[in-house]
There are 2 protein chains.
Amino acid sequence: MLRDAEVTGAEATGDWHHHRIVPAGQQVLAPNHASADVFVLCSGWAFRSVRLSNGRRQILNFLLPGDLFSASAVFNDCCQFSVTALTTVQISGMRRTQVHSRLVEPAVAAAVGKCWATEAQSSDSMMAVLGQCSAEERIAHLFLQLLRRIPRTMVHARRYPCPLRHQHIADAVGLTTVHVSRVLGGFRERGIAELSRGVLEVRNMSELKRLGALS
Amino acid sequence: MLRDAEVTGAEATGDWHHHRIVPAGQQVLAPNHASADVFVLCSGWAFRSVRLSNGRRQILNFLLPGDLFSASAVFNDCCQFSVTALTTVQISGMRRTQVHSRLVEPAVAAAVGKCWATEAQSSDSMMAVLGQCSAEERIAHLFLQLLRRIPRTMVHARRYPCPLRHQHIADAVGLTTVHVSRVLGGFRERGIAELSRGVLEVRNMSELKRLGALS
DNA sequence: CGATCGGTTGATATGAATCAACGTGCGTGG
DNA sequence: CCACGCACGTTGATTCATATCAACCGATCG
């Protein structure tokens, strides 16, 4: 959990707003601990996940710069998920009370509402994918979701930065790493997409969309 | 969609609040239509679902009396899901603008926030179940979630009202009706639970919890 | 009385998991 | 600079859970 001693930058910005840097692979937020803060990811990639009693892990979503850890954290002080850094990340925390007091500003309320709606839609489509889609469709859908969110400025010649390992994909879409490897091998053979050394290269976007579009 | 001609009760309560009755099996809310209202289920059961391009349907959750169709509808006027009545239902619609203006009352804001947090947690656990659990675990988890929400006053001798058909269970947890039938047969044989003619009878709660508890 | 719907059961097919071996790149320490 | 270990990915063989196909049954309803 966030301990005061770990917080940096609080002095410079006032006590309602502070920053922290977490190296790749480390847990950023532990589950089932109350916190007075609402967190935003400022740089790097992270993911939100839960650990089940059988030891398995479900990745609930991936966090990119600008994402709230969870929009519901605006009203909820104790979250059941954990957040883990995928790359080195920079996070910013704001006091929940401070966020609440600014909710009277219509622009702030609208922004939170929009964030909320986006998250809800994304959860809904993930449930549909996990419940109804094949392995290929699941992975294609995950890629498409990520592609839409990776900033244009980071993309050159359809090569998208994407620091996921097979294990992350497997835990996000409910497959094993072995099967993820086979499916990605198929994508590569068929000239659809190729994930290698932190780069996702899309070779046939329309085929990827055909596989991964839900409706 | 909701047409004004279908709205009943608006005269009695003022134009910011109206009721409607929908018979079992009918669609209550069509996907991808904007609406100026936020809806609450007042009586009966319904479900929220999406239809995929391959024709398959994912039930996202079941709605019981008191549930908002979706908490995010408070800020979002166009939803991608549909809502269908499972039994005859009574619904109430409130003008979104009216809800917004009441959000300044701390009690209202807290209620919406709590509703939001509950929905988010439920989505998260559904994603974990769909991604990581076996057929038995999925169905047990669904039952446990429902049991917690069915009002005590409706329960006699561990017999819970539960108007789901196998098809609804199948679409909610991502299985076929045939396999749902086999799993429920197993539950019956092993004296865990029995679903028949709209009643779910729990015979061994601790075993059901062992199967369906996530953590 | 037939038709339809929901549920059950058996036989078979198939997609993904599991088990196991191997390769490759990379950091670490000798 | 090399040897080693380790994490990650790939591939093949096999197993297993669930889907699919098909037949049948009982209840309900026009």
Side-chain angles (χ1 to χ4, degrees), chain A residues 23-26 52 54-59 84-88 129-142 162-190 193-201 211-212, chain B residues 23-26 45 47 52 54-59 84 86-87 129-143 162-190 193-201 211:
Chain A
Q26 286 209 4
L52 277 65
N54 55 21
R56 298 170 85 149
R57 174 178 76 172
Q58 176 69 31
I59 292 183
T84 309
L86 209 45
T87 65
T88 297
V129 166
L130 292 173
Q132 310 296 334
C133 292
S134 70
E136 285 198 346
E137 292 166 337
R138 292 180 196 205
I139 293 178
H141 181 264
L142 173 62
C162 179
L164 310 190
R165 327 257 85 213
H166 289 187
Q167 185 68 64
H168 299 121
I169 297 174
D171 288 347
V173 301
L175 298 169
T176 58
T177 59
V178 175
H179 203 62
V180 168
S181 173
R182 289 192 223 273
V183 170
L184 292 184
F187 282 2
R188 191 178 311 127
E189 270 181 22
R190 288 187 277 156
E194 203 161 332
L195 177 65
S196 171
R197 270 169 279 118
V199 174
L200 175 60
E201 180 166 5
L211 282 170
Chain B
Q26 287 209 3
W45 289 46
F47 62 86
L52 278 65
N54 55 20
R56 298 169 84 148
R57 174 178 76 174
Q58 176 69 31
I59 291 183
T84 308
L86 210 44
T87 65
V129 166
L130 292 173
Q132 310 296 333
C133 293
S134 70
E136 285 197 346
E137 292 166 337
R138 292 180 196 205
I139 293 178
H141 181 265
L142 173 62
F143 283 173
C162 180
L164 310 190
R165 328 258 85 210
H166 289 188
Q167 184 68 63
H168 300 121
I169 298 174
D171 289 346
V173 301
L175 299 169
T176 58
T177 58
V178 175
H179 202 63
V180 169
S181 172
R182 288 192 224 272
V183 170
L184 291 184
F187 282 1
R188 191 177 311 128
E189 270 181 21
R190 288 186 278 157
E194 204 162 332
L195 178 65
S196 170
R197 272 171 276 117
V199 174
L200 175 61
E201 180 166 5
L211 282 170

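Per chain, numbering begins at 1; letters A, B, ... match sequence-line order.
Across D/dA19, C/dA17, D/dT20, the shortest atom-to-atom separation from the side chain of B/Val178 is found for D/dT20.
Across the protein-nucleic acid pair, B/Gln132 atom CD and D/dT18 atom P stand 13 Å apart, rounded to whole Å. Rounded to whole Å, atom C1' of D/dG9 lies 14 Å from atom CD1 of A/Ile139. Atoms NE2 (A/His168) and C1' (D/dA7) sit 12 Å apart, rounded to a whole Å. Between the NE2 atom of B/His179 and the P atom of C/dT14 there is a distance of 18 Å, rounded to whole Å. Atoms CG (A/Leu164) and P (D/dA7) sit 20 Å apart, rounded to a whole Å. For the pair A/Leu130 CG and C/dG15 C1', the computed distance is 16 Å after rounding to whole Å. Rounded to whole Å, atom P of D/dG9 lies 8 Å from atom CG of A/Leu195. Here D/dG9 presents its P atom at 16 Å from CZ of A/Phe187, a figure rounded to the nearest Å.
Counting only distance, with no hydrogens or angles, the side chain of B/Glu194 and the backbone of B/Phe187 share no donor-acceptor pair below 3.5 Å. A donor-acceptor distance shorter than 3.5 angstrom exists from the side chain of B/Glu137 to the backbone of B/Ser134, with no hydrogens or angles considered. The main-chain N or O of B/Trp45 is found under 3.5 Å from a side-chain atom of B/Thr87 such that the two form a donor-acceptor pair.
In this structure, A/Leu184 reaches neither bases nor backbone, as no heavy-atom distance under 4.0 Å exists between it and the strands shown. Residue-level contact check: B/Gly174 touches the backbone only, with heavy atoms under 4.0 Å from sugar-phosphate atoms and none from bases. Residue contacts for B/Arg197: at a heavy-atom cut-off of 4.0 Å it reaches no nucleic acid atom on any strand shown. Heavy atoms of A/Thr177 sit nowhere under 4.0 angstrom from any nucleic acid atom.
Dashed line: the shortest gap from a side-chain N or O of B/Arg165 to OP1 or OP2 of C/dC5 is not under 4.0 Å. For A/Ser181 and D/dG9, the shortest distance from a side-chain N or O to OP1 or OP2 is not below 4.0 Å. Taking only side-chain nitrogens and oxygens, A/Thr176 comes nearer than 4.0 Å to OP1 or OP2 of C/dA17. A sub-4.0 Å separation between OP1 or OP2 of D/dC8 and a side-chain N or O of A/His166 is absent.
Heavy-atom nearest nucleotides on DNA chain C were determined for B/Gln167 and for A/Glu136, and the one closer to the 5' end corresponds to B/Gln167.
For C/dT18, the base has a donor-acceptor partner in the side chain of A/Arg182 [N/O atoms by modelled type, under 3.5 angstrom].
To the nearest 0.5 angstrom, A/Glu136 atom CD is 11.0 Å from A/Leu175 atom CG.
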side-chain contact (heavy atoms from CB on, under 4.5 Å) for A/Val173 and A/Val129? Distances and angles first, verdict last. CA-CA 8 Å; A/Val173 301; A/Val129 166; 5.6 Å; no
